[in-house]
Amino acid sequence: MMSKVIIKNSAQIEKMRIAGKIAAEVIEMIAPYVKAGVTTQELDDIMLKFIEEDRHAISACLGYHGYPKCTCISVNEVVCHGIPGNHKLHNGDIVNIDVTVIKDGMHGDTSKMFIVGQTSPRNHQLVKVTQEALYAAIRAMGPNRNLVEAGRVIQQIANANNFSVVRDYCGHGIGEGFHEEPQVVHYYPNPYSLILKPGMTFTIEPMLNAGTWKVKINHKDGWTVTTADKQPSAQFEHTILITETGCEVLTLRAEEEETLGRYITCK
Ligand code: MF3
Ligand code: CO
Ligand code: CO
């Protein structure tokens, strides 16, 4: 079958750098507000105002297939697509904030876990291992590498720590479209072989669970995904560009300059 993966040109890549930077800045901006007592709606309001008024960008989520809010905020057993609302954050919660913006026609998509106050050692480990799994997958991406390597390294790190990998949601190509080809699956083995080429842009966004990989959709709101066993889940996400030598992290935050870095030479 012919690949429909879009290779971005240098003008498109420059716009994606800008969109990616804005998405990263939203996460950096909201960090000091993620505290016990705040509602997820209050956080969403602050991020919407920042995206629209400060960065003159658009939330890609708001109105996407009818999604009602600007961001996704997923607490504890919520795997992804948590809808901001009057729910208050509590000490010990682990919280994913997922931001996707459109700037000048291009998308940037990223998410990060926050820990509210003090949490359990197992929750800490889940958050840390999920971030390490994302970083290891990013470091394996480069020209002429196979996309299945992302799932392989993520599954290996999850297994080594007794966590499971969510199978029902995946990363995705991104650009003018929010969700383009290819699908980026985070488990292994998987049949989604694809040789990577410079100019491809996609997200990697592993979701790791403390218990089962199985998930459930909330049929009342049609969006909220929780673990089937109500054990906690963690996720981190970056948008990356395949370069001539490795990859570039388009949604890098300042705090990651030392630990990950923007330009990654494939091992
Ligand atoms: N940002 C999510 C992703 O990483 C998608 C959210 S779609 C929404 O792909 F409609 F739920 F916002
Ligand atoms: Co995404
Ligand atoms: Co996202």
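First listed ligand is number 1; within each ligand, the first listed atom is number 1. Every heavy atom of this structure was used, including side-chain atoms; hydrogens, water molecules and symmetry mates were not.
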Exercise for the section: Kindly confirm whether the Co ion (ligand 2) is within less than 2.8 Å of some N/O/S atom in Asp98? Expected result: no

Handout entry: Sub-4.0 Å heavy-atom contact, His172 with ligand 1
Key = yes

Problem - Mode of Asp109 contact toward ligand 1 - side chain, backbone, both, neither (heavy atoms, under 4.0 Å) - result: side chain

Practice task
Would you indicate whether Lys197, at its atom NZ, is surrounded by more than 12 heavy atoms from other residues, nucleotides or ligands within a distance under 6.0 Å?
Solution key: yes

Problem - Among the N, O or S atoms of Asp109, the one nearest the Co ion (ligand 2) - result: OD2

Problem - Residue part near ligand 1, for Glu205, under 4.0 Å between non-hydrogen atoms - result: side chain

Fill in the blank from the handout: Looking at Glu205, the N/O/S atom that lies nearest to the Co ion (ligand 2) is called OE2

Problem - Whether His179 lies under 4.0 Å from ligand 1, heavy atom - result: yes

Handout entry: Tyr169 near ligand 1 by a heavy-atom separation under 4.0 Å
Key = no

Practice task
Ignoring hydrogens, just give me the one of Cys80, Cys72, Gly66, Ser74 whose non-hydrogen atom is nearest atom 11 (F) of ligand 1.
Solution key: Cys72

Handout entry: Minimum side-chain heavy-atom gap Val127-His124 below 4.5 Å
Key = no

Exercise for the section: Applying side chain to side chain donor-acceptor pair (under 3.5 Å) between Lys112 and each of Gln235, Glu256, Glu255, report the one that passes. Expected result: Glu255

Exercise for the section: Kindly confirm whether the Co ion (ligand 2) is within less than 2.8 Å of some N/O/S atom in His179? Expected result: no

Problem - N, O or S atom within Glu237 nearest to the Co ion (ligand 2), by name - result: OE2

